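This report refers to the structure that appears directly beneath it.
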Amino acid sequence: MLAWNSVLNQSGPTEFVFQVFTAVPEFQAFLFLLFLLLYLMILSGNTAIIWVVCTHSSLRTPMYFFLSNLSFLEICYTSVVVPLMLSNISGAQKPIPLAGCGAQMFFFVTLGSTDCFLLAVMAYDRYVAICHPLHYTLVMTQKLCVQMVVGAVALALLLSLQLTALIFTLPFCGHRREINHFLCDVPPVLRLACADTRVHQAILYVVGILVLTVPFLLICVSYVFITLAILRIRSAEGRRRAFSTCSSHLTVVLLQYGCCSLVYLRPQSSTSEAENRQIALVYTFVTPLLNPLIYTLRNKDVKGALRNAFISKTASDAH
């Protein structure tokens, strides 16, 4: 048995390559420019949110503290994937070493899981603000907010480290294996293992339930109480304002959890690699881009702070 394991390890790949999107040079150039533009928009939009929250005292509340942390996560999340992806689109297939693939998987799963946990924390913040407004400042203290963010990161690190370590104890056959994806995600890498992966699949589902199903159920419970509280508000303007603050968060939640569930919680037999790659483009580009757009276009406080910052910057440049 030990001899067989050593043979597997010796024949394992020293590197992986990602499958190209297209071999047509003109379409490669178009995809490179498109993804580069989206990436720059994600960086600038999320950086603007962090900057405006940090520089405007009126936005130093728990809701905007969590929002700025979410924006920071989105920047890191896309930066783990997109630069390498752009590098592969712009030229020939560039191999990624086994250790590099493991590192990308670890950071991608960690940041993605933290993102999901943070969205659940933000739902709890909205629940306290709308259902218990008189106790909001007593409950949502700065210390608790920091503890919840640290707790989300710690839990994500723990789950990601164990999952990544488990995946990379598997044997992979051949010197160089092609990953049918644009990043080292868990499902496509698992497909390349030349061993029985049923236990690993089961563990992936357990992690998926902990990261996606449990937080989503908590968000749903929060929004049931929030909806009941909003319906009790007598003024139409008050109800509209309360729904407005929640609808932005709910839009991001449905997009993030919906797309991730399609990739990680469906049986492998009912999914195609090409379909998973297309869905992954949504939570790699669309969700991080929509996050700043939704929260700025639908939020008067953020729009006002950005407008004031732009006016003061223009005035100072004029002088």
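Predicted model only: the values in this text are computed from it and were never measured.
We find the CG-CG distance between L31 and L86 to be 10.0 Å, quoted to the nearest 0.5 Å. Atom NE2 of H132 is separated from atom OH of Y127 by 3.0 Å, given to the nearest 0.5 angstrom. Taking OG1 from T78 and CE from M85, the interatomic distance works out to 11.5 Å, rounded to the nearest 0.5 Å. Atom OG1 of T114 is separated from atom CG of L118 by 8.0 Å, given to the nearest 0.5 angstrom. Rounding to the nearest 0.5 Å gives a distance of 4.5 Å between CG of L67 and CD1 of I49. Once rounded to the nearest 0.5 Å, the distance linking CE of M140 with CZ of F65 reads 9.5 Å.
Within the 4.5 Å cutoff, the side chain of V121 has no heavy atoms near those of the D125 side chain. Side-chain contact between V189 and C101: present, with at least one pair of heavy atoms (C-beta onward) separated by less than 4.5 Å. F117 has its side chain out of reach of V153: every pair of non-hydrogen atoms, C-beta onward, lies at least 4.5 Å apart. Side-chain contact between R191 and N276 is present, with heavy atoms from C-beta onward closer than 4.5 Å. Using a 4.5 Å heavy-atom threshold, the side chains of L119 and L70 count as touching. Side-chain contact check for F225 versus V221: some heavy-atom pair is nearer than 4.5 Å. Looking at heavy atoms from C-beta onward, V81 lies in side-chain contact with F182 at the 4.5 angstrom threshold. Residues H135 and V128 have side chains not in contact (no heavy-atom distance under 4.5 Å, counting atoms from C-beta outward).
Taking the side-chain contact (heavy atoms from CB on, under 4.5 Å) definition, one finds that T47 meets it with I75, sequence neighbours left out. Partners of Y257 under the ring-ring contact (aromatic ring centres under 6.0 Å, His included) rule, at least two apart in sequence or in another chain, are F216. Considering only residues two or more places apart in sequence or on other chains, A129 meets the side-chain contact (heavy atoms from CB on, under 4.5 Å) condition with R126, Y136. Among residues two or more places apart in sequence or in another chain, the side-chain contact (heavy atoms from CB on, under 4.5 Å) test is passed with L265 by I209, L212, T213, S261. Applying the side-chain contact (heavy atoms from CB on, under 4.5 Å) rule to F72 yields the partners I50, C76; only residues at least two apart in sequence or on another chain are considered.
Nearest heavy-atom pair, A120 versus I219, reported as atom, atom and distance to 0.1 Å: CA-CG1, 3.6 Å. Across E74 and D115, no two heavy atoms sit closer than the pair OE1-OD2, 3.1 Å. Of all the heavy atoms in L84 and F18, the pair that sits closest is CD2-CE1, 3.7 Å. The shortest non-hydrogen separation linking R177 to L192 is NH1-O, 3.5 Å. Closest approach of Y264 and P187 over heavy atoms only: CE2-CD, 3.8 Å. The shortest non-hydrogen separation linking V80 to F108 is CG1-N, 4.1 Å.
A donor-acceptor distance shorter than 3.5 angstrom exists from the side chain of R60 to the backbone of C54, with no hydrogens or angles considered. Here the side chain of Q104 pairs a donor or acceptor atom with the backbone of C184 at under 3.5 angstrom. D185 places no side-chain N or O within donor-acceptor distance of the main-chain N or O of H181, the cut-off being under 3.5 Å. Of the possible polar contacts, one joining the S160 side chain to the F106 backbone as a donor-acceptor pair under 3.5 Å is found. In this structure, N46 contributes its side chain and P288 its backbone to a donor-acceptor pair below 3.5 Å. S87 places no side-chain N or O within donor-acceptor distance of the main-chain N or O of P83, the cut-off being under 3.5 Å. Judged by distance alone, the side chain of T141 and the main-chain N or O of L144 form a donor-acceptor pair under 3.5 Å. Side-chain N or O atoms of D196 include one that pairs as donor or acceptor with a backbone N or O of R198 at under 3.5 Å.
The SG atoms of C116 and C260 are placed at least 2.5 angstrom from each other.
Relative orientation of the F168 and F16 rings is perpendicular, given thresholds of 30° and 60° on the angle between their planes. Taking the six-membered ring where tryptophan is involved, the planes of Y77 and Y283 are tilted, since the angle between them lies from 30° to 60°.
Aromatic pair H56/Y64: ring centres not closer than 6.0 Å.
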Exercise. List the steps, then state whether side chain to side chain contact (heavy atoms under 4.5 Å, CB included) holds for C145 with F66.
Key: CA-CA 8 Å; C145 293; F66 294 132; 3.8 Å; yes
Quiz item: Can T251 and L290 be said to form a side chain to side chain contact (heavy atoms under 4.5 Å, CB included), step by step?
Solution: CA-CA 9 Å; T251 305; L290 278 184; 5.6 Å; no
Quiz item: Run the side chain to side chain contact (heavy atoms under 4.5 Å, CB included) check on V207 and V211 step by step: do they pass?
Solution: CA-CA 6 Å; V207 172; V211 172; 4.1 Å; yes
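Residue pairs satisfying the side-chain hydrogen bond (donor to acceptor under 3.5 Å, both in side chains) criterion with at least one member in residues 32-42, sequence neighbours excluded, are listed as follows: Y39-S79.
With L40 as the partner, the side-chain contact (heavy atoms from CB on, under 4.5 Å) test is satisfied by one option alone out of L38, I42, L36, L37: L36.
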